[in-house]
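What you see below is based on every heavy atom in this structure, not just the backbone, and it leaves out hydrogens, waters and symmetry mates. Because the structure is a prediction, the values reported are computed rather than measured. Numbering of ligands and ligand atoms starts at 1, following listing order.
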Amino acid sequence: MCGIIGCTGRGEATLETLVDGLRKLDYRGYDSAGVALSGATGVDVVKKAGKLDALVEALSGERERLDGTVGIGHTRWSTHGAPTDANAHPHTDADGRVAVVHNGIIENYQSLRDELADAGYSFVSETDTEVVPHLVARALDGGAEPEAAVREAVSQLEGSYALGVVVAGVDAVFAARRDSPLVLGLGDGANYVASDVPAFREHTDHVVYLEDGEFARVEADSWVVTDADGDPVDHEVHVVEWDPEDTGKSGYEHFMLKEIHEQPRALRQGLQGRVDEMRGEVTLEEFPSLSPSRVHLLACGTSYHAAVYGAHVLHSRGVPAQAFYAHEYASATPPTDDALVVGVSQSGETADTLSAVRAARRRGAETVALTNTVESTMARECDHRLYIRSGPEIGVAATKTFASQLVALNLLALDVAPGGDDREAIAALRDLPGDVQTVLDSSRAAEVAREYADADAYFFIGRGPHYPVALEGALKLKEISYEHAEGFAAGELKHGPLALVTERTPVFATVTGEDQSARKTIGNVKEVEARDAPVVAVTDGRTEVERYADHVLEIPETHPHVAPLLANVQFQLVSYYVANDLGRPIDKPRHLAKSVTVE
Ligand code: M6R
């Protein structure tokens, strides 16, 4: 969603640093962008609706005017008001003394706006954010020093915010957070503020994560974090482990394709030091020994599909488990005291999931953050953390992080299940990175995608642990290709969706093994084949599904819990190639954002 970058100490490179930072954040999804540079006498702002290229073009004639050496920049994903130049951030006061960028939603903005308007402050946008520079201006007008004025403004806000503020004549960026992430980057003679580390990672790997309610003053050579009362807060300085190149495309046409191909490495990282095949054991060293009598998994989108898979695996290992859409959890049966509540979230910042996990905590549940993002809000707020260790994922469409979530959920299930470990499953997990590589090296997905790129709709079916992968296959395809796709439990087709099946709706079926579940899915495949739908079967060769399929996408034989991960790779590739053949902007699908920080 919205992205923030701020810097001080970059001298003549300030504008370039801001624009580069915004480029690094553009994976988050946005529909307008802007920068503000603060100098001795005023703040200069340039902002444009549309993508960053529109902003860069607008900046081309302005470089001389934009000579301030303290700056903030923003990519906006619209909530209050359409994506117009006027609604783009930064927002300023009427005199151009103050500029503000903001992520989140200010819930009391309407009453603040009415109050400010009554006092003569005039507004030029429809945003909630614009109240902030006017509140700062009112405090300055009342005689407050700049930092005190910003603090006074922040103290009047209700809702969620990550704020970056500059005030003319002050060589500092002010920052404040509540319920929206903000991180400081500590460089050599220059310091940074951002909503996410990639924005400044090329300049420094030393970071400080702000906590809710904290306020920071960041100058070129110093930084100080204080609490709401202005008392200094000690912070650990973390060192980011990944390289700046990890956020580049490494020669791939799209981040999504790069990240699909990174899966063997991501999965190896997720397993490293956690499985001991000799002893047939899983050891999650950073994780306590837990024996929950039930597990609730809360998540959204792709992570919800991982949660559905996790519930299946836990259940099959004797631990009652249920997956919930985080945004529906409020109306679900509350967790009992003995429930372990697991927030499944790549970013660890998804507002819906955070809110559900917080509600569970308030009810007394023990909580786990299963996330990719070290020091994310969810990681910090939960009782325990299980990191999936995928490395940074830039494409809006989650790919490698989904695979890593499924591995982490397998490890969790093996760790907490009463029946002890399962050598076959552990061996299959050990072989998984190599098996994924085999699929990547031999997949015929591009050919299949080309054949069906003009289909009316695409259906995905699977049973048991393959069902969530069918859901995920459809989500991936629809989000990046804009084509209609649905995932179904294989047995459900005949209860309604079969009416949609025609010769122009390919059905992608994932079916492995030779047990009763596989036989039943093959029965469902026959049902669609009899209605003239093309069938693409993802299979390990142990089923006879190829007899009813127009195309077969092969995967290696493996443990039944691990096979869906391999099938998923074939589905990822099909989605990618359908979208690519249709010329879609794969890494930045319309209307979507990488990290969804509003409910
Ligand atoms: O960061 P999270 O895993 O909590 O994100 C949840 C969803 O917004 C996310 O999985 C989304 O569905 C994917 N980006 C889609 O590919």
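Counting the atoms of ligand 1 from 1 in the order shown, those under 4.0 Å from a heavy atom of Glu479 are 15 (C), 16 (O). When each atom of ligand 1 is checked for a heavy atom of Lys476 under 4.0 Å away, the hits are 15 (C), 16 (O). Close approach to Ala397 involves these atoms of ligand 1, each under 4.0 Å from a residue heavy atom: 16 (O).
Where the criterion is an N or O separation shorter than 3.5 Å, residue side chain and backbone included, Gln346 meets it with respect to ligand 1. Residue-to-ligand polar distances keep Gly348 apart from ligand 1: every N/O pair is separated by 3.5 Å or more. When only interatomic distances are considered, the shortest N/O to N/O separation between Gly301 and ligand 1 does not fall below 3.5 Å.
Using bins of under 30°, 30° to 60° and over 60° for the plane-to-plane angle, the ring pair His296/Tyr329 lands in the perpendicular bin. Ring-plane geometry between His89 and His102 is classed as parallel, the angle between the planes falling under 30 degrees on a 0 to 90 degree scale with a further cut at 60.
Looking at Ser376 and Glu349, their side chains never bring a donor and an acceptor atom within 3.5 Å of each other. Judged by distance alone, the side chains of Asp31 and Ser78 do bring a donor and an acceptor atom under 3.5 Å apart. When only modelled atom types and interatomic distance are considered, Asp383 and Thr367 share a side-chain donor-acceptor pair under 3.5 Å. Side chains of Arg463 and Thr521: a donor on one and an acceptor on the other come within 3.5 Å. A donor-acceptor contact closer than 3.5 angstrom links the side chains of His235 and Glu214. Looking at Glu259 and His261, their side chains never bring a donor and an acceptor atom within 3.5 Å of each other.
Among all non-hydrogen protein atoms, the one lying nearest atom 5 (O) of ligand 1 is Thr350 OG1, 3.4 Å. Looking from atom 1 (O) of ligand 1 to the surrounding protein, the closest heavy atom is Ser347 OG, 2.6 Å. Remark: minimum distance from atom 13 (C) of ligand 1 to any protein heavy atom is reached at Thr302 OG1, 3.7 Å. Residue, atom and distance of the protein heavy atom nearest to atom 8 (O) of ligand 1 are Val596 CG2, 4.0 Å. For atom 3 (O) of ligand 1, the nearest protein heavy atom (residue, atom name, distance) is Ser303 OG, 2.5 Å.
Contacts between Val396 and ligand 1, counted as non-hydrogen atom pairs separated by less than 4.0 Å, involve the backbone only.
The six-membered or imidazole ring of Phe460 lies away from that of Phe488, with a centre-to-centre distance of 6.0 Å or more.
Using a non-hydrogen distance threshold of 4.0 Å, Lys594 does not register as a contact of ligand 1. Heavy-atom distances between Cys300 and ligand 1 reach below 4.0 Å in at least one pair.
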